[in-house]
Visitor: 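Take a look at this one; I'll ask things after.
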Amino acid sequence: MTIGIGLLGLGTVGAGVAGILATPSGRHPLVAELELRRVAVRDLARPRPVELAAALLTTDPETVVDDPAVDIVVEVMGGLEPARSLILRAIAAGKPVVTANKAVIARYGEEIAAAAAEQGVYVLIEAAVGGGIPIIEPLKQSLGANRIQRVSGIINGTTNYILSRMAAEGAAYADVLADAQRLGYAEADPAADVQGGDAADKIAILAGLAYGGSVPRAAIPTEGIDRLDARDVAYAAQLGYVVKLLAVAQAMPSEPESTQLLDVRVHPTLLPKAHPLAGVNGVNNAILVEGDPVGQVMFYGPGAGAGPTASAVVADILNIAGIRQATGSGAKVPLDPLLAAGSWRACRLVDSAVTTHRNYVRLRTSDEAGVIGKIGTCFGEAGVSIQSIVQFETQSAGDAEIVVITHDVCEANFRQALAAIQALAGVQTVAACLRTLKGAGSLS
Ligand code: NAP
Ligand code: HSE
């Protein structure tokens, strides 16, 4: 039974998918049953890395969705519109959808899931988070018995590639970003990668699955690596840390049980060099899931790029193809609630002022007697306990750079201390503020 595939997009991911479909030998036998029937692109004249009959290509994506020969719609064009409308159009036509588009799912996932549930079609999104790493299916199915305490990880390949090369080679930020774009890791607008938005989309999706409810994407506190100073990467290394862009979703005590309070955030974070996530380098991603009773489970692998992402897209196509094969071509059957993964409770984000964190602060000060003492007093008066305080040499005579690492402290107290420090006569500026994690083998 051949299954018709309609591809919306033939860029990095779309070409990877077309490449797998064109070479079924040695793969699961169902791959040979998948036939590319229509492909939407923007520019018909653009050279493609895969050979396709010109008649398959169109610049009108609606004709792909509407084509009766297309049984499954694969959206790998990116962007919010027309991607969202095309997904909804496919659902309305009773066609299952596979998408890698985390931007659309993080913002319109609820609307799309409701439409899919009403029509009784699957919308599968394995490629939307973690590239080639299977993480969506494990959260929906294999870890379903757990109360999830925390999902955290490195979930943007571009920024991890940039940070790894900056740390290892002292490479310049702009050069490494250009390499990430050339390699097909970065989004069409790389601001989504470097400003943390892509990781925020992905943690919103992971949290939604882990905690069974839609997470308000726009409310996630997000900081990227675009304002990260190479000096902080170097100081962190001297202090025994590696800087990574971390995304975290943590369950907070909630009343009533039908609502889950969550601390969800994305920011550059200092990890001790022995931490399990500190050794995740290059385009690789890693997601640590902590649950009761499973404990800690870590998922690791390539987080972006044509091959890994296409691997996840085709896995979703195969899931749908397998169901079609088992139930008879196109027959309408009730959705498997685990694969369809609907919401079953409300999720709310915690007020970030009441969360607690370890912090790294770099202060530019005058190099004179008493400055460190006054800084220590400000922290002490705000109830902020200091783990370490170190002075680094600077190029300009008479100035100093002081790096403070705090213990776990309430965000509001920390902000109060910073305001007092900023007002001190010997302090020129609070030059950088980053989060820190303690201890190897633990994320607390
Ligand atoms: P890309 O290389 O920019 O490819 C986008 C494709 O969609 C291109 O073929 C483009 O046509 C086509 N397209 C865009 N808008 C269109 C429109 N209005 N009508 C017709 N065709 C249109 O993007 P990508 O890197 O493959 O990413 C695709 C999606 O996968 C995005 O949602 C991205 O976030 C997600 N994703 C990407 C990766 C990755 O590593 N790249 C990993 C995971 C998820 P032309 O080729 O003619 O311009
Ligand atoms: N731009 C994304 C990244 C692609 O670098 O992780 C994978 O989702």
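Counting starts at 1 for both ligands and their atoms, in listed order.
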Visitor: Do Glu75 and Asn101 have a side chain donor and acceptor closer than 3.5 Å?
Guide: yes
Visitor: Is any NZ, NE, NH1 or NH2 atom of the basic residue among Asp198 and Lys102 found under 4.0 Å from an Asp or Glu carboxylate oxygen of the other?
Guide: yes
Visitor: Do the side chain of His275 and the main chain of Leu277 share a donor and acceptor less than 3.5 angstrom apart?
Guide: yes
Visitor: Are side-chain N/O atoms of Asp66 and Thr63 paired as donor and acceptor at under 3.5 Å?
Guide: no
Visitor: Where does the angle between the aromatic ring planes of Tyr235 and Phe392 fall among parallel (under 30°), tilted (30 to 60°) and perpendicular (over 60°)?
Guide: parallel
Visitor: What protein heavy atom sits nearest atom 35 (C) of ligand 1, and how far away is it?
Guide: Ala100 O, 3.3 Å
Visitor: Quick one: does Thr59 get an N or O within less than 3.5 Å of an N or O on ligand 1?
Guide: no
Visitor: What's the shortest distance from atom 26 (O) of ligand 1 to any protein heavy atom, and which residue and atom give it?
Guide: Val13 N, 2.8 Å
Visitor: Considering Leu86, Thr58, Val76, Val283, which one's heavy-atom position lies nearest to atom 29 (C) of ligand 1?
Guide: Val76
Visitor: Between the main-chain N or O of Ala186 and the side-chain N or O of Asp193, is there a donor-acceptor pair closer than 3.5 Å?
Guide: no
Visitor: If hydrogens are left out, which of Ala306, Gly16, Gly11 has an atom nearest to atom 1 (P) of ligand 1, that is, the closest non-hydrogen atom?
Guide: Gly11
Visitor: Heavy atom under 4.0 Å from ligand 1: found in Ala127's side chain, backbone, both, or neither?
Guide: backbone
Visitor: Using a plain distance cutoff, I'd like to know if Leu8 has any nitrogen or oxygen under 3.5 Å from a nitrogen or oxygen of ligand 1.
Guide: no
Visitor: May I have the step-by-step check of side chain to side chain contact (heavy atoms under 4.5 Å, CB included) for Leu163 and Ile225, ending in yes or no?
Guide: CA-CA 8 Å; Leu163 289 174; Ile225 65 161; 4.0 Å; yes
Visitor: How close does the nearest protein non-hydrogen atom get to atom 10 (C) of ligand 1, and which residue and atom is it?
Guide: Arg42 NH2, 3.9 Å
Visitor: Do Lys244 and Asn281 meet the criterion of a side-chain donor-acceptor pair at a distance under 3.5 Å?
Guide: yes
Visitor: Any nitrogen or oxygen of Leu10, main chain or side chain, under 3.5 Å from a nitrogen or oxygen of ligand 1?
Guide: yes
Visitor: Is there at least one pair of N or O atoms, one from Glu75 and one from ligand 1, spaced under 3.5 Å apart?
Guide: no
Visitor: Taking Tyr360 for the side chain and Thr406 for the main chain, is one N or O donor matched with an acceptor at less than 3.5 Å?
Guide: no
Visitor: Do you see a donor-acceptor pair shorter than 3.5 Å between the side chains of Gln260 and Ser254?
Guide: yes
Visitor: Quick one: nearest non-hydrogen protein atom to atom 12 (C) of ligand 1, plus distance?
Guide: Gly9 CA, 3.8 Å
Visitor: To which of Glu62, Glu126, Met77, Arg46 does the heavy atom nearest atom 17 (C) of ligand 1 belong?
Guide: Met77
Visitor: Of the choices Ala103, Gly157, Gly184, Pro61, which has the non-hydrogen atom that lies closest to atom 41 (N) of ligand 1?
Guide: Gly184
Visitor: Would you say atom 23 (O) of ligand 1 has a protein heavy atom nearer than 4.0 Å?
Guide: no
Visitor: Students should be able to answer this: which protein heavy-atom is nearest to atom 25 (O) of ligand 1, and at what distance?
Guide: Thr12 CB, 3.6 Å
Visitor: What atoms of ligand 1 come closer than 4.0 angstrom to any heavy atom of Thr309?
Guide: 38 (C), 40 (O), 42 (C), 43 (C), 44 (C)
Visitor: Side chain, backbone, both or neither: which part of Ala188 has a heavy atom under 4.0 Å from ligand 1?
Guide: neither
Visitor: So that I can tick it off, tell me whether Arg217 and Asp201 are bridged by a salt bridge, with the cut-off set at under 4.0 angstrom between side-chain N and carboxylate O.
Guide: yes
Visitor: Quick one, list the residues around ligand 2 where some non-hydrogen atom comes in under 4.0 Å, by chain and residue number.
Guide: Lys102, Asn156, Gly157, Thr158, Tyr185, Ala186, Glu187, Asp193, Asp198, Lys202, Gly303, Ala304
Visitor: Asn146 and Asp292: side-chain donor and acceptor closer than 3.5 Å?
Guide: no
